[in-house]
Amino acid sequence: MSLTLIANWKLHGSKSFSRDWLNSFNDSYQGSSLSSIGIAPPSIFIDDLTKHIDNPGISIGSQNVDHFPSGARTGEISADMVADAGGQFSLAGHSERRIFFQETNADIALKLDLISESSLIPILCIGESIDEKDQNKTEIILEQQIIESLSAGSKLQNLIIAYEPVWAIGSGSSAAPEEINSIHKLIKDIVQSRFSALDLQGVIYGGSVNIENAFPILEEEEVDGALIGGASLNGEEFAKIANIFNELKEL
Ligand code: PGA
């Protein structure tokens with residue numbers, strides 16, 4: 001099964017935070033299957049977290065990997081290292097990486113190939129800025145991000161895309177559910193028409209998803225899950241969102 005709900009802890013956490021989080025999550029989670037849930041802690045905690053998950057159904061992954069497999073790259077972490085630590089997936093191209101670390105679509109294409117070669121599930125994050133949205137450029141920007149990140153000669157066979165409008169991330173106000181639905185449909189159409197051999201396992205939404213708005217967003221037909229930042233730091237809230245998702249999609 002593909003990943004559907006992913007917690008992105010960003011630059012938060014500690015070993016004791018992980019334990020407390022898992023306890024709160026387990027106390028509130030009502031589903032029987034965990035196999036579609038992922039947690040992306042800071043990479044340094046991947047190894048510890050994998051050892052403390054009672055139910056091996058939860059996947060642990062990385063928020064980023066370097067676009068080189070090895071070398072003189074002080075401070076970086078490779079996709080192989082994430083896999084070696086027990087990781088099972090990695091994000092690539094999160095807007096915070098694009099903005100704060102100047103990641104380009106070309107870098108992201110290299111990352112996706114390395115993630116896939118390391119047998120991790122690749123999750124490509126895309127999304128338009130508020131200026132791009134205001135100038136009605138959403139479609140063109142998403143298409144460009146997809147095409148340039150899935151470069152010619154790419155070895156990718158399967159992929160999850162996270163649609164995360166930059167203006168909705170951490171802002172407290174998500175995109176409107178119908179808008180998300182139509183953009184997810186657009187993303188699926190672009191991938192299908194340009195990369196028909198690629199198995200797109202789902203398009204998930206990210207940007208201020210929380211317990212209040214999870215239901216209307218997740219109930220949209222083309223929304224296959226969510227990538228959750230702020231609200232995922234609370235194990236109980238994340239579990240409750242997962243309960244809503246399971247109920248809606250009848251898992
Ligand atoms: P948010 O972050 O849920 O805090 O908006 C989502 C993300 O950046 O992945």
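In listed order, ligands and their atoms are each counted from 1. Just so you know, these numbers use all the heavy atoms, side chains as well, and skip hydrogens, waters and symmetry mates.
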| said: Do Gln63 and His94 pair up side chain to side chain, a donor and an acceptor below 3.5 Å, judged on atom types alone? | reply: no
Kindly confirm or rule out an N or O of [X] lying under 3.5 angstrom from an N or O of ligand 1.
X	result
Ala231	no
Lys10	yes
Ile228	no
Gly229	yes

Determine yes or no for a side-chain-to-main-chain donor-acceptor pair under 3.5 angstrom, with [X] supplying the side chain and [Y] the backbone.
X	Y	result
Ser174	Val209	no
Asn181	Glu222	yes
Glu237	Ile211	yes
Asp113	Leu110	no

Atoms in ligand 1 flagged as close to [X], the criterion being non-hydrogen separation under 4.0 Å:
X	value
Gly230	1 (P), 3 (O), 4 (O)
His94	7 (C), 8 (O), 9 (O)
Glu164	6 (C), 7 (C), 8 (O), 9 (O)
Gly207	5 (O)

| request: Could you establish whether Gly206 and ligand 1 come within less than 4.0 Å of each other, counting only heavy atoms on the residue side? | output: no
| field | All ring-ring contact (aromatic ring centres under 6.0 Å, His included) counterparts of Trp9, not counting sequence neighbours | value | Phe17, Trp21
| task | Taking ring-ring contact (aromatic ring centres under 6.0 Å, His included) as the test, write out the residues that go with Phe45, two or more places apart. | result | none
| How does Ile169 reach ligand 1, if at all, at less than 4.0 Å between non-hydrogen atoms: by side chain, backbone, both, or neither? | both
